[in-house]
Amino acid sequence: MTGDLLSGVTAPSARVRVQLPLPLPEPYDYRVPGDMALVPGSYVEVPLGPRRLFGVVWADGDGQGERVEERKLRPVIRAIDLPPMPDITRRFVEWVAAYTMSPVGAVLRMAVSVSAALEDPRALTAYMRSDAAVPDDLRLTPARKRILEILSDGPPRLAADIAAEAGCGTGVVRGLADAGVLTTVPMLALPRFPQPDPEANPKTLSGAQRLAADDLAAKVSAGGYSATLLDGVTGSGKTEVYFEAVAAALRAGKQALVLLPEIALSAQWLDRFAQRFGVRPAEWHSEMAPPLRRHTWRAVAKGEARVVVGARSALFLPYPDLGLIVVDEEHEAAFKQEDGVIYHARDMAVARAHLGRFPIVLASATPSLETLVNAENGRYSRIDLPSRHGGASMPDVTLIDMRRKEQAPPARAWLSPVLREALAQTMLAGEQGMLFLNRRGYAPLTLCRSCGHRLQCPNCTAWLVEHRLTKRLQCHHCGYQAKSPDACPECEAEGSFVACGPGVERVAEEVATLFPDARIAMMTSDTLSGPQALRTVIEQVKDGAVDLLIGTQVMAKGHHFPMLTLVGVVDADLGLAGGDPRASERTFQLLHQVAGRAGREERPGRVMLQTYMPENPVMQALASHDRDSFLAVEADQRRQLEMPPFGRMAALIVSGEDEGLVDAAAAALGRAAPRDREDLTILGPAPAPLAVLRGRYRRRLLIKGPKSVSLQPILYDWLARVEVPASIRVQVDIDPYSFL
DNA sequence: AGCACGCCGACT
DNA sequence: GTCGGCGTGCTC
């Protein structure tokens, strides 16, 4: 006999609002079983239709607003035994959602990025030497040998750790396991994240570095929000300086986060960190195996991981105690997330620091205009690091005017006689050269000589790029791949294809013909599958086993090659086409970084830029090493046009599979645009930069307004006035990367 | 985001 | 006559 039966009254049950990691407009209400204690931030498992999902308690259910009927409520299944999501993380998720105009749940999904993060921890797989002898037919490659050496004694270890120590990929470990030489055991005691020790191995800093480091460390120890631009050329020791800020955070008992563009998260960087702090930091990036992700996520949530280094998504981890963010290579476009929730990790990091009331450091050799302007108007403070070698390390930059006959390359070749001669001299002197071309594959366009047909991606407005190394055609936008055809798909003529323009593979071919004895290495994302491949090439270059390095952007990152004295840029104008006001800034940043590869240490370097527009301000600034006046001119132009960072901008991207519907929706949006306001400019609709992407037609509208106006409420009203068919998607891109 | 429900073409 | 395409709508 219970009270309920007697009275016929059911006590009103407690309810909670649970935010689910789905693009829903609001949290859903659930009933809390009597014996379950939940607080805001608790991770819970709840039913949704036929599914079970993890969510986060967003607030108690007694808030205002209409409540869903009591009888619709379903009970929370269970509470997850983890520290609740910190208040600041939840506020940050909400802030990002509001800023980017995305549903809160869509942002939350990034914060619980592995839904499996909340599942009970499973044992990881560890590898150890098996009893079996090494079979005779097993090819003992150097990597395999190192692994067997590493595992000859000591406890079983994770594939990722073994691979890191052996400098190879986890595939090699798995390969040895398949061959029976290694066996797997479940790793019951998961590896801890050892405390980085701020006193482990402090570096001796130069005077300027010391001042900068002390300044940052003081800000970190004092706490409170501040933003600092750390501006210094390659080789000025930025990393050592911000390491001292990280050390200060550790001493203050705070967690620290270092954001790097994905490709800069190299073994070299991790080694440097380990050298300074005794252990590696916790890593966070897209290529981690799910069990390791989960393990890392939980370690961050429990505060066990004290320093995290990661790509942009590391920003959304549930740090209980974050006290510092460093954004290295602050200017990099890779911080802009372009699909799903569209956001710029650098800007969101500043917001995160503001919410958490702690310092943020933005480091770069070529800061973005946005950041420079913020430093100039006093919103950020600024530390300039002079080069450690004075001006002596500045390479000599020559512009090769490709319009001049005597400097033009021969037919179907891409290297000017001047550059060829310089390469020959460099190698003769026993030094190394580098050729940079930011274009993967053999040629950017392939066409049929007999009918003029151009090989195009079936899903995108983009040419298919021939990759001769793999004998395949690739679309660089959607991942479409096909075997290189023998005959033209249009006129069926055989062997009629002509390659138009150069890609790195084609430049490599030219160089191989010019210098048949040279030892040539390629560095592109195609030839470097994974960080260990990169490491191998870097070692080869350092050991002097390579005379000439040819590659794309992956090569531009801060690797230090003492014998590299010549950098040739095959097509310096490449990034300038298209007329986007931001193109100059980007091209300058990229080429400056590439130029920085030449001649560090005692050997002077030189840089040769092949260009058809030597009078262009970008080329002039590179040749005269005058970054600041170039950027001042850029800033003036932007100011006059009221372009970011002097005004605000947002893009609406309308996409769908039916071109007519997309056009109609884009036109309807155009008609409903807020044209009555003098201070707003609406542009478009126009075809988006890639008019068709992954089989979806795309149109774009831009809205531009003064800095003082917040665009989000305007966009909200605008979008509410237009009804769009369900098959059409309208994405909002606040602060779009491209202004066209 | 899933997953079900619901209306129009090629098959055992 | 059914199996199955994915368009639209709902999930507390």
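Numbers restart at 1 for each chain; the letters A, B, ... are given by sequence-line order, proteins then strands.
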Requested in this report: Write down the distance between CD (A:Glu70) and P (C:dC12), rounded to a whole number of angstrom.
Outcome: 14 Å
Query raised in the report: Side chain of A:Gln474, backbone of A:Leu464: donor and acceptor closer than 3.5 Å?
Result: no
Query raised in the report: Ring centres of A:Tyr99 and A:Tyr343 under 6.0 Å apart?
Result: no
**Report entry** A:Tyr28 OH to B:dA1 P, straight-line distance once rounded to whole Å
**Finding:** 13 Å
Report summary line: In whole angstroms, the gap separating C1' of C:dC6 from CD of A:Glu657 amounts to 11 Å
Query raised in the report: For A:Leu20, which contact category applies under a 4.0 Å heavy-atom criterion: base, sugar-phosphate, or nothing?
Result: nothing
**Report entry** Residue A:Leu73, side-chain heavy atoms: nucleotide from B:dC3, B:dA1, C:dC12 that is nearest
**Finding:** C:dC12
Query raised in the report: Between A:Arg729 (CZ) and C:dG7 (P), how many Å, whole number?
Result: 15 Å
Query raised in the report: Is a donor-acceptor pair below 3.5 Å formed from side chain A:Arg51 to base B:dA1, judging by atom type as modelled?
Result: yes
Query raised in the report: Which whole-number value in Å describes the distance from A:Glu26 CD to C:dC10 P?
Result: 14 Å
**Report entry** Nearest-Å distance for atom pair CD1/P, residues A:Ile728 and C:dG7
**Finding:** 12 Å
Query raised in the report: How many Å lie between CG on A:Asp339 and P on B:dA1, as a whole number?
Result: 11 Å
Query raised in the report: Taking the side chain of A:Ala726 as its heavy atoms from C-beta onward, which of B:dA1, C:dT11, C:dT8 lies nearest to it?
Result: C:dT8
Requested in this report: Using the side-chain hydrogen bond (donor to acceptor under 3.5 Å, both in side chains) rule, take A:Ser313 and A:Trp284 through it: C-alpha gap first, then chi angles, then the decisive distance, then the call.
Outcome: CA-CA 8 Å; A:Ser313 58; A:Trp284 188 264; 3.2 Å; yes
Requested in this report: Could you give me the CA-CA distance, side-chain angles and deciding distance for A:Arg694 and A:Glu657, then say whether salt bridge (Lys or Arg N to Asp or Glu O under 4.0 Å) is met?
Outcome: CA-CA 9 Å; A:Arg694 297 170 223 273; A:Glu657 287 176 25; over 6 Å; no
Report task. Nearest whole angstrom, please: distance from the C1' of B:dA1 to the CD of A:Gln19. Result -> 13 Å
